[in-house]
Structures are given as C-alpha cells and as structure tokens.
**Student:** 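This is the structure, below, for whatever I ask next.
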Amino acid sequence: MKATGIVRRIDELGRVVIPKEIRRTLRIKDGDPLEIFTDRDELMLKKYSPIATLEKFSEGTTRSLSDLSGYLAVISDTDEVLFASGDGRKEFAKKHISEHLEKIMRDRRSYIANVSEGGVVVPIAEGADFNATAEIIVPIVAGGDCLGAVTLLTDKEGEKMENGALKLCRLTADILANQFD
C-alpha cells in the first residue's frame with residue numbers, strides 16, 4: 001500500500017472526503033460505486049466493477065467470442081480492459097480504456113467502423129499499440145447503467161466488420177448484462 005501523506009477526519013455522519021487529486025489519479029467520478037474492505041485495523045476502498053466480479057465467466061466469454069468471430073475480442077469495464085483474446089491481446093492487458101471508448105459507453109450506442117469504407121477506428125485503450133482497420137464496440141447496459149463494453153477488432157488490411165459480427169457482439173453484451181438483472 002502506498003502512503004499519500006494526506007489525513008482526513010471523519011464527520012459526525014461517518015463521512016470522509018477523498019481528495020480530488022486521489023479521485024483524479026484513480027479515475028473515481030461522482031456516483032462511482034466503491035467496495036469497502038477491512039483487514040485488522042485497515043480500511044480499504046476499491047472502485048467496484050460488476051463485470052470484474054464475473055471474472056471466469058467474462059474470460060471464457062471473451063475467448064469464445066474471439067474463436068467464433070475470428071477477431072480480437074476485448075471486454076472492458078468502465079475503467080480498464082479486463083480480458084482480451086485473439087491476435088494482439090497482449091497490447092490490451094489491464095490498460096485503462098481510452099476517452100473515446102468512455103464516450104461511446106456514456107452514449108450507450110453501438111459503434112462500428114471500417115477503415116476500408118472511410119470509417120474512423122477509435123482507440124480502445126490508452127497506450128495500446130494495435131493498428132485496427134475495423135472495429136465493433138457494444139456497451140454492456142444493465143438496469144440503465146453502462147457496466148462496460150464488448151469490442152471486436154481486426155488489423156487485417158481491407159477487412160470489414162459485417163452485420164453477423166455486430167449481432168455476435170450484441171449477444172455477448174446482452175448475456176453479460178443479463179447476469180445483473
């Protein structure tokens with residue numbers, strides 16, 4: 001655990017303010033759920049990710065999606081890439097998602113882009129060195145909340161994402177979302 005040197009007092013209602021610098025560093029926004037852990041005399045807060053609680057299921061789902069589609073499959077929560085499967089997966093492991101992907105998730109709309117048709121492929125993760133030529137992004141929405149996204153990517157020149165791949169991506173997002181309804 002890393003010491004910050006910041007000390008805060010608990011108010012009469014048991015509340016503690018998390019300093020803005022720490023919230024920014026950890027990408028904690030208004031309304032984000034936090035999970036509370038205790039260990040002897042320590043209290044730990046962790047940003048809660050419902051998708052991450054389905055670790056084995058999400059990992060297997062990513063692998064199946066990649067196998068069925070033939071593309072690189074990525075499942076992310078609202079902060080980072082959780083799982084990637086297929087050629088190029090190592091570029092995405094545990095990286096923070098990009099601002100572009102955050103916006104697509106906020107809009108709760110599927111996004112499809114094929115460079116061969118003049119589309120603009122958006123980066124999925126910060127610092128990922130993967131030159132995608134086509135992509136599909138489908139937000140995972142449960143109970144009105146966006147929990148993450150399912151993405152299919154390819155780096156093959158001239159490749160186009162077709163309607164079948166979009167349907168497969170939507171099905172995967174629906175299956176994951178249904179785990180929370």
**Student:** Which atom names give the shortest non-hydrogen contact between Leu152 and Cys169, and what distance separates them?
**Tutor:** CG-SG, 3.9 Å

**Student:** Can you tell me if CD on Glu35 sees more than 12 non-hydrogen neighbours from other groups inside 6.0 Å?
**Tutor:** yes

**Student:** Verify the cluster assignment for Leu65 and Ile124: are they in a single hydrophobic cluster under the rule of side-chain heavy atoms below 4.5 Å apart?
**Tutor:** no

**Student:** Side-chain heavy atoms under 4.5 angstrom apart, residues restricted to Ile, Leu, Val, Met, Phe, Trp, Tyr: same cluster for Ile10 and Ile18?
**Tutor:** no

**Student:** Can any side-chain N or O of Ser98 pair as donor or acceptor with the backbone N or O of Pro123 at less than 3.5 Å?
**Tutor:** yes

**Student:** Indicate, with yes or no, if Leu168 and Leu153 share a hydrophobic cluster defined by side-chain heavy-atom contacts under 4.5 Å among Ile, Leu, Val, Met, Phe, Trp and Tyr.
**Tutor:** no

**Student:** Examine Leu68 and Val138 and state if one hydrophobic cluster contains both, with Ile, Leu, Val, Met, Phe, Trp and Tyr joined whenever side-chain heavy atoms are less than 4.5 Å apart.
**Tutor:** yes

**Student:** Do the side chain of Asp155 and the main chain of Asn131 share a donor and acceptor less than 3.5 angstrom apart?
**Tutor:** no

**Student:** Going from OH on Tyr111 to CD on Glu135, what distance comes out if it is rounded to the nearest 0.5 angstrom?
**Tutor:** 6.0 Å

**Student:** Going from CD on Glu162 to CG on Asn114, what distance comes out if it is rounded to the nearest 0.5 angstrom?
**Tutor:** 7.0 Å

**Student:** Evaluate the side-chain proximity of Ile136 to Tyr71: yes if any heavy-atom separation is below 4.5 Å, no if none is.
**Tutor:** no

**Student:** Tell me whether Ser66 contacts the main-chain N or O of Thr62 through its side chain, where contact means a donor paired with an acceptor under 3.5 Å.
**Tutor:** no

**Student:** Between Asp107 and Lys103, does any side-chain N to carboxylate O distance fall below 4.0 Å?
**Tutor:** yes

**Student:** Is there a path of hydrophobic side-chain contacts, each under 4.5 Å between heavy atoms of I, L, V, M, F, W or Y residues, that connects Met105 with Ile112?
**Tutor:** no

**Student:** Atom NZ of Lys160 and atom OG1 of Thr133: how far apart are they, to the nearest 0.5 Å?
**Tutor:** 12.0 Å

**Student:** Mind checking the CD1-CG spacing from Ile36 to Leu45? Nearest 0.5 Å is all I need.
**Tutor:** 6.0 Å

**Student:** At what distance, to the nearest 0.5 angstrom, does CZ of Arg109 lie from CD1 of Ile104?
**Tutor:** 12.0 Å

**Student:** Tell me, yes or no, whether the heavy-atom count around Glu117 atom CD, taken from other residues, nucleotides or ligands under 6.0 Å, exceeds 12.
**Tutor:** yes

**Student:** Over all heavy atoms of both residues, which pair between Arg27 and Ile97 is shortest? Give the atoms and the distance, please.
**Tutor:** NH2-O, 3.4 Å

**Student:** For Cys146, is there any backbone N or O sitting under 3.5 Å from a side-chain donor or acceptor partner on Arg106?
**Tutor:** no

**Student:** CG of Leu176 to CZ of Phe57: how many Å apart, nearest 0.5 Å?
**Tutor:** 5.5 Å

